[in-house]
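Accompanying notes for the structure given below.
The basis for the numbers below is simple: all heavy atoms, side chains too, and nothing from hydrogens, waters or symmetry mates. So that the names make sense, note that chain A is the first sequence line, chain B the second, and so on, each numbered from 1.
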Amino acid sequence: MVNRETTDLGEADATRSLRTPAIVLTRGVETEALSNVGEADDPQTVFSVRGLDVHYGPTIAVAGIDLDIPARQITALIGPSGCGKSTFLRCFNRTNDLIPGAKVSGSVLYHGLDLYGPQIDPVEVRRRIGMVFQKPNPFPKSIYDNVAFGPRVNGQRKGLDEVVEHALTRAALWDEVKDKLKKSGLALSGGQQQRLCIARALAVNPDVVLMDEPCSALDPIATSRIEDLMVELKRDYTIVIVTHNMQQAARVSDRTAFFTAEVRDSGDRVGVLVEYDHTETIFTAPSDPRTEGYITGRFG
Amino acid sequence: MIGALFCCAALSVAVTVGIVLSLIPPTLEFFTEVDIFAFLTGTDWAPLFVPAKFGVLPIVMGTIVVTICAISVAVPFGLGTAIYLSEYARPRVRKLLKPLIELLAGIPTVIYGYFALKFISPFVQNLWPFGDSPGVFNALSAGLVMGIMILPMVASLSEDALSAVPHGLREGAYALGSSKFEVSTRVSVPAALSGIVAAFVLSVSRAVGETMIVLIAAGGTPNMSLNPGEAMQTMTAFIAAAGTGDLPQGSTGYKTIFAVGSLLFVATFMMNVFSNRIVRKYREVYE
Ligand SMILES: Nc1ncnc2c1ncn2[C@@H]1O[C@H](COP(=O)(O)OP(=O)(O)OP(=O)(O)O)[C@@H](O)[C@H]1O
Ligand SMILES: [Mg+2]
């Protein structure tokens, strides 16, 4: 029985890389939204963002973003502080919904499915699209319960041991914690906590992992471990990462989007996408002078 | 300045110690006249009659019954209110609702007492589902209204504990595909548990110590019964009733008041110690 659970997991992982994951984002099964599945022009595109604006109350935070996120690659979002990178990232798993007054307009297609469509259940969206935060935020529970949290919320009762081990292994943390799974997640070091949070996100078998400055609270060794981990994970997962660390973007990402804050005539500061290209291009031959200025450290 | 502030702190400690010390001599004298074992296990309570009976259990029972009634209103509704306020209510609703709920705590207890007697008791009498309908004076009406009185305290303390849970924990749970309800019950409430248990214990202490409502609405008859539909006397109601009567100082009846007071004190003190233990064992510590 134990073995069967493990194989199930293994199979799920193997098939993941072969086909577009089954998309069930709505609570009801037969819904209109589902019929849109498969209409994406390019199966390699996970997110397709068009004309995206985000408002916080009356003020606009980011405006007019168009961008496609490719599958199983690492896309880095860079730019000066306050230009709306986190705001933009939160649009991908509808965590902006949780902020009172935040409003998202424009379209975000996920495998061709409108994430903000009327049929979409944001809770389902977040199950498919995981997130790791800037500050490690393990629950004040045991390491085991942290990782098992997502599967339990999803109604899974059996085979949790295997899921926990698998997720911790993927997050390169298993060897360090396998003897103390009952210890509190908060008793770990900062870097271990962040890997625990990554394991926790992986345990629900997401399709995409969003990371908002996942290494900013970590030392260089812990950072490089997480970077190695990201490169390892991109074989199976699509990763979008916000980072302030230019070297990190250059080291790990396949594509880089550079954002900046423009001052409008009205005096508002609005985040806009300046340039989006292969990371190598952005770092060696950027086409916009603002990108070049930021990358060479003259600005931001 | 520091000296003055220290005096403020010292004063409250001194008063507490003073009260406890003043309980001791008459209590000790009482137990030279009445056997302590008979006191703690006796089921007849008539200390002011002739022949006097000093079995304290009936009024202990009354206290327990009324407290259970109160807690079963205050804790679920108070906790529900707190969860609603901290997890669900929009900021504007919360700003409006919280002071309104806290207003309940400012109503004088004598008003609650008559509310229990005049408004709740008729309901209890009419809706009583088992057998004979209770009398006007019954423990249930007093307990229910006491629960309403304590509710704001439970709600307010629990809400404070819930609001202190770092927002990042909730975000983390949402990001794993938790619904709002799951975030509340699996992350916020467990993380705030020590504060919530503290609120629970305080509310039990309040219920055990509340006097006026029971004095007015529960009837004044010591009653060795678990049926909340009957009239009962609690320890506090006994103290208040006996203390306002004209008992000659130094009589055994007079010392009874102090003995019951000491028993109340020991009971609430032990409860606090016990709950501190529990909290330390089960709380989920977050940074
Ligand atoms: N919850 C919020 N309520 C109101 N305004 C917000 C909120 N979050 C962000 N903003 C505003 O939106 C703009 C973009 O913020 P955001 O946090 O997305 O920037 P960022 O690029 O992630 O910055 P940093 O690099 O410092 O993390 C800022 O002007 C900020 O003040
Ligand atoms: Mg940010």
_I'd like to verify something: which residue of Met131(A), Gln134(A), Arg94(A), Arg200(A) has the highest number of heavy-atom pairs under 4.5 Å with chain B?_
Arg200(A)
*asked:* Could you check whether Glu171(B) pairs with Lys135(A) (Lys NZ or Arg NE/NH1/NH2 to Asp/Glu carboxylate O, under 4.0 Å)?
replied: no
*chain B heavy atoms under 4.5 Å from Ile129(A): which part of the residue, side chain, backbone, both or neither?*
backbone
_Proximity breakdown for Pro151(A) and chain B, heavy-atom pairs closer than 4.5 Å_ = neither
*Hey, does the Lys NZ or Arg CZ of Lys180(B) hover above the aromatic six-ring of Tyr88(B), less than 6.0 Å from the centre and inside 45° of the axis?*
yes
*Are Lys182(A) and Tyr144(A) in a cation-pi setup, meaning NZ or CZ lies under 6.0 angstrom from the ring centre and within 45 degrees of the ring axis?*
yes
*Please state whether the rings of Phe92(A) and Phe88(A) are parallel, tilted or perpendicular, taking 30° and 60° as the class boundaries.*
perpendicular
